[in-house]
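Single-structure report; data block below.
Below, chain A is the first sequence line, B the second, and so on; all start at residue 1.
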Protein chains: 2
Amino acid sequence: MGRKHIKPGKVRLTEVAALAGVSPITVSRFFRNPDTVSPGRRLRIESAAKDLGYVPNLAARALASQRTEVIGVLIPSLTNNVFSDVLRGIYDAFEGSRYSIQLANTRYSVLQEERLLRLFLMQKPAGMIVTGVDQTAEGRAIVQAADCPVVQIMELGPDPIDMMIGFSHVDACFAAISHLLAQGCRRIGFLGARMDPRVQRRLQGYQNAMKIAGLFDPRLIVTTAVPTSTTMGGSLFSDLMLRAPDVDAVFCANDDLALGVLFECQRRHIAVPEQIAIVGFNDMEFMASAVPSLTSVRTNRYEMGLRAATMIMDEIEGRPVTERVVDLGFQVMERQSSQQRHAVAPAADRVSGTKW
Amino acid sequence: MGRKHIKPGKVRLTEVAALAGVSPITVSRFFRNPDTVSPGRRLRIESAAKDLGYVPNLAARALASQRTEVIGVLIPSLTNNVFSDVLRGIYDAFEGSRYSIQLANTRYSVLQEERLLRLFLMQKPAGMIVTGVDQTAEGRAIVQAADCPVVQIMELGPDPIDMMIGFSHVDACFAAISHLLAQGCRRIGFLGARMDPRVQRRLQGYQNAMKIAGLFDPRLIVTTAVPTSTTMGGSLFSDLMLRAPDVDAVFCANDDLALGVLFECQRRHIAVPEQIAIVGFNDMEFMASAVPSLTSVRTNRYEMGLRAATMIMDEIEGRPVTERVVDLGFQVMERQSSQQRHAVAPAADRVSGTKW
DNA sequence: AGCGATATTGACAGCGCTATCACGTGGTTG
DNA sequence: CAACCACGTGATAGCGCTGTCAATATCGCT
């Protein structure tokens with residue numbers, strides 16, 4: 001036998017329908033698309049629902065309609081505040097819409113990512129946002145099986161799963177190094193932490209630029225698998241000073257590292273930028289107000305999240321998305337910390353890069 | 001008439017059961033509690049499920065069982081990295097469990113919070129984590145209607161909804177100001193941004209301490225409704241310097257502000273801590289590596305998230321939660337930026353506070 | 001008035017899973 | 001040896017909602 005007694009206080013569509021004097025299906029329609037119900041009934045249903053304190057049952061809705069309004073979002077880290085900006089954009093875009101977000105973090109592990117994708121699949125999501133382009137073949141297969149709009153964010157690459165929005169980390173770093181070279185720096189160090197795929201690509205951009213300039217020297221590269229932090233910036237810089245005491249500039253793959261380098265320079269009484277120039281990556285808010293203000297590569301993270309979400313919604317709701325791969329570009333925010341040797345400080349930020 | 005043809009590729013419990021030669025209900029049992037199925041069938045079901053690529057339908061499960069494994073989490077902001085630490089704790093605790101997290105941000109609005117709670121209710125969550133103690137009466141009612149374990153985090157207060165974990169912001173700030181007073185500071189400024197309930201309580205702690213010391217002066221308080229940022233720290237400090245040029249210490253309700261004050265001091269060639277002492281709040285990672293290292297009030301955010309999640313799980317799974325209101329305390333991390341006048345720098349951090 | 005076109009409404013069946021109870025088996029007990 | 005229990009398994013009947021299509025009401029037009 002099946003269930004027995006229905007809990008007395010329970011309010012279903014049926015109860016609302018009974019009170020409003022209409023059929024359940026009409027109440028259902030009212031909640032999904034009020035315009036298709038005649039004004040008279042509309043009012044009756046509305047007040048009946050309010051009186052009874054009706055709350056729709058999402059599970060029943062999902063089961064009957066064979067779809068959900070859940071958007072799965074997969075990011076590598078909650079700690080790295082790069083992603084909090086992206087997330088903010090995503091949440092802002094879905095704000096007020098009927099979609100809800102299911103967020104999970106992969107901890108920079110493709111196996112975790114695979115597991116989480118499988119988990120998302122059980123929800124039959126309406127859309128998915130995933131970070132980067134380095135999914136496993138299995139991971140791609142799972143995403144494809146979900147049969148919903150998918151946006152890959154943070155990077156660009158060949159062969160998108162569906163849609164894509166990001167920028168070239170290789171180019172962005174190349175531009176930053178080019179800026180330092182233009183400022184007269186020759187012994188430019190590279191500091192990187194965590195070394196996830198995006199940092200790896202920044203390293204690639206660094207190597208390209210240095211090799212083209214004929215200035216490449218592996219001793220100038222100091223990296224660690226440990227996550228980025230200000231303290232780590234200080235230690236990586238200390239390592240660099242041991243390996244290459246003649247370094248005249250430091251590119252940091254993250255702004256936290258750059259801040260740590262600045263502090264370490266203050267501790268060692270190294271003048272910035274006179275003795276050592278500093279460039280960071282991401283252009284976090286504090287970079288502009290540091291003393292000296294710190295040069296960084298601005299990436300449009302909030303917009304990335306916002307547009308990724310918008311692309312998903314457009315796709316779901318049948319509005320054709322023509323630009324399926326979006327390059328958001330970047331800007332090198334040139335500040336005091338990378339001032340040309342013996343030059344005067346600029347009155348305001350100078351900018352170079354793409355898309356501005 | 002109802003639906004017509006079943007999609008051919010669709011794999012349901014029934015298909016797995018047919019292939020394994022058992023009844024659907026046995027397959028259902030296998031997925032929920034493998035131990036209750038005999039080893040022979042267990043293997044057959046397992047391989048059948050794998051062969052067919054079976055993916056359980058969560059909506060059907062939720063509808064039939066009348067419950068979900070969704071934990072609703074409500075935080076005020078995604079940008080404020082205070083919450084990313086809490087979140088990390090929450091995600092870590094639920095990692096590998098069968099629960100999934102539904103995260104939403106209220107943007108510091110109780111009306112938003114109410115709307116989101118209503119939304120959560122539709123999901124019939126298994127548990128809820130909400131921020132702070134300032135829910136509206138309506139909001140509390142909604143949470144109670146969800147009839148599931150609830151933990152309020154970040155603060156302590158009378159009359160918890162269900163469970164509670166946090167610390168006293170009043171006491172924490174009081175301790176920080178007491179520290180400054182002990183260091184010989186007399187004209188201690190208060191800088192606050194956003195002015196959410198928790199910052200308001202820190203302000204209260206500041207006022208209590210200053211009044212007891214007979215040093216209270218409203219001109220020393222500078223606040224703004226704008227969100228916290230490093231740049232904002234600089235401007236608030238500039239305002240303070242205009243209002244009270246004789247200020248000898250600054251308490252910042254957030255670490256970002258403290259960093260901004262440090263930079264502004266560097267810009268104005270004000271010696272820290274000799275001319276002005278600086279104390280922040282939250283003890284973000286960068287505080288310890290700044291030059292001079294910045295005193296701050298450490299709050300146990302990661303642990304808060306972790307334990308809140310654990311309390312929820314314990315409650316759901318019938319393990320009695322005896323400590324239903326947990327005070328996590330705080331620590332004043334005494335660093336160079338609040339060194340006693342004309343004293344030598346300490347070799348390492350000194351700590352004062354509760355629970356350490 | 002009569003016609004088809006359009007807007008509203010309802011009946012029915014079923015989405016994929018699980019709660020509940022019933023039943024069989026084999027072992028233990030008095 | 002009947003009575004009992006624990007265990008594994010299955011049959012049945014929904015969980016609360018919506019897709020589908022048919023039925024009815026309403027309207028504009030010739």
Examine D:dT9: is either OP1 or OP2 under 4.0 Å from a nitrogen or oxygen in the side chain of B:Ser38? Give yes or no. yes

Closer than 4.0 Å, any side-chain N/O of B:Lys10 to the OP1 or OP2 of C:dC15? no

Residue B:Ile25, side-chain heavy atoms: nucleotide from D:dG10, D:dG19, C:dG16 that is nearest: D:dG10

Between C:dC17, D:dC15, C:dT9, which one does the side chain of B:Ala60 approach most closely? C:dC17

Return the value, rounded to whole Å, for the distance between atom CZ of B:Arg67 and atom P of D:dC15. 16 Å

Heavy atoms under 4.0 Å, any strand shown: does B:Pro24 hit a base, just sugar-phosphate, or nothing? nothing

B:Leu117, B:Ile312, B:Ile71 screened by side-chain contact (heavy atoms from CB on, under 4.5 Å) with B:Met128, the one that passes: B:Leu117

Going by atom types alone, do B:Thr26 and B:Ser23 pair a side-chain donor with an acceptor below 3.5 Å? yes

Identify whether any heavy atom of B:Tyr54 sits under 4.0 Å from a base atom; if not, whether one sits that close to sugar-phosphate; answer base, sugar-phosphate or nothing. sugar-phosphate

Rounded distance in Å - CG (B:Leu63) to C1' (C:dG16): 9 Å

Looking only at side-chain N and O atoms, does B:Gln66 come under 4.0 Å of OP1 or OP2 in C:dC17? no

Give one of base, sugar-phosphate or nothing for A:Arg42, where a contact means two heavy atoms less than 4.0 Å apart. nothing

OP1 or OP2 of D:dG10 sitting under 4.0 Å from any side-chain N/O of B:Ser23? yes

Roughly, in whole Å, what's the span from CZ in A:Arg41 to P in C:dA7? 17 Å

How many whole angstroms separate atom CG of B:Leu58 from atom P of C:dC15? 18 Å

Send over the distance from B:Phe30 CZ to D:dC7 P, rounded to a whole Å. 20 Å

How about B:Gln152 and B:Gln135: does a side-chain donor come under 3.5 Å of a side-chain acceptor? yes

B:Thr26 side-chain N/O to D:dG10 phosphate OP1/OP2 under 4.0 Å: yes

Distance criterion of 3.5 Å, no angle test: do you see the side chain of B:Arg29 paired donor-to-acceptor with the base of D:dG10? yes

OP1 or OP2 of C:dT18 sitting under 4.0 Å from any side-chain N/O of B:Ser28? yes

So, B:Thr131 side chain and B:Ile153 main chain: donor-acceptor pair closer than 3.5 Å or not? no

Please report the distance, rounded to the nearest Å, between CZ in A:Arg44 and P in C:dT8. 15 Å

When the distance from CE of B:Met122 to C1' of D:dC17 is rounded to whole Å, what number comes out? 12 Å

Answer yes or no: is there an ion pair linking A:Arg98 with A:Glu317, defined by an N-O contact shorter than 4.0 Å? yes

Starting at CZ of A:Arg32 and ending at P of C:dT9, how long is that distance when rounded to a whole Å? 14 Å

